[in-house]
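Here is the structure we will look at, set down as structure tokens.
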Amino acid sequence: MASNVGGTHQQRTGWEAQSVWATGWTGAAAVLMTFGGIMAIFQGIAAIAKDDVFVTTPNFTYAFSLTGWGWIHLIVGALILAAGLALFTGAAWARATGVALAGLSMIANFVWLPYAPVWSIVLIVIDGFIIWALCSPRRETAPRT
């Protein structure tokens, strides 16, 4: 006979973090992805609306149209925003998608270096943190009945 002294019963999900830190870091990654997605959308809109907003470096190896990069940042930003919001639900697919999108964001920001070098480097580091947080160790547990 089991008693519920506290009056509350915690239902466990299929995936749980091995430590409280892993759960907290996943939440931090969700917040950073949501904020980063919104910022990438604004960055994309700025690049699409006015090409003279950004100063470019001449003769850069990865020279692309600034308007084209604006569309790339807009689309990737919207996907990152959606995945960041989905992370708050705890869906495993959102974690896998978040890792993939953070990797794509790292590549996009590396190529974006001549347009906004400091911002790009900061976002590369944040994307690395997001990947680490979403890949942190977890253990699968059976739900309690």
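All values reported here derive from a predicted model rather than from experimental measurement.
For Leu79, the side chain to side chain contact (heavy atoms under 4.5 Å, CB included) partners are Ile75, Leu101, not counting sequence neighbours. Partners of Trp132 according to the side chain to side chain contact (heavy atoms under 4.5 Å, CB included) rule, which considers only residues two or more places apart in sequence or in another chain, are Trp25, Phe129. Contacts of Ile131 classified as side chain to side chain contact (heavy atoms under 4.5 Å, CB included), with partners at least two apart in sequence or in another chain: Val99, Ala102, Met106, Cys135. Taking Ala40 as the reference, nothing meets the side chain to side chain contact (heavy atoms under 4.5 Å, CB included) condition, with sequence neighbours excluded.
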Exercise for the section: For Asp127 and Ile130, run side chain to side chain contact (heavy atoms under 4.5 Å, CB included): C-alpha distance rounded to whole Å, both residues' side-chain angles, the deciding distance at 0.1 Å, then the answer. Expected result: CA-CA 5 Å; Asp127 288 331; Ile130 289 169; 4.1 Å; yes

Problem - Step-by-step side chain to side chain contact (heavy atoms under 4.5 Å, CB included) determination, Asn109 to His73 - result: CA-CA 9 Å; Asn109 283 302; His73 279 280; 3.8 Å; yes

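The closest side-chain heavy-atom distance from Ser105 to Ile80 is below 4.5 Å.
More than 12 non-hydrogen atoms from other residues, nucleotides or ligands lie less than 6.0 angstrom from CZ of Phe88.
At a threshold of 4.5 Å between side-chain heavy atoms, the hydrophobic network of Ile, Leu, Val, Met, Phe, Trp and Tyr places Val125 and Phe110 in two separate groups. In the hydrophobic clustering of this structure, Trp112 does not group with Ile107; members are Ile, Leu, Val, Met, Phe, Trp, Tyr whose side-chain heavy atoms approach within less than 4.5 Å, directly or through other members. Criterion: ILVMFWY side-chain heavy atoms under 4.5 Å apart, direct or through other members. Under it, Leu81 and Trp71 are part of a common hydrophobic cluster.
Contact record, Ala29 with Leu134: CB-CD2, 4.0 Å, taken as the closest heavy-atom pair. Residues Met33 and Ala83 come closest through the heavy atom pair CE-CB, 3.8 Å. Shown here for Thr26 and Ala133, the closest heavy-atom pair between the two residues is OG1-O, 3.7 Å.
Atom-to-atom distance recorded for Leu123:CG and Leu32:CG is 10.0 Å, nearest 0.5 angstrom. Taking CG from Leu87 and CZ from Arg95, the interatomic distance works out to 8.5 Å, rounded to the nearest 0.5 Å. Distance check: Leu74 CG to Ile41 CD1 gives 6.5 Å after rounding to the nearest 0.5 Å. Between the CH2 atom of Trp119 and the CD1 atom of Ile124 there is a distance of 12.0 Å, given to the nearest 0.5 Å.
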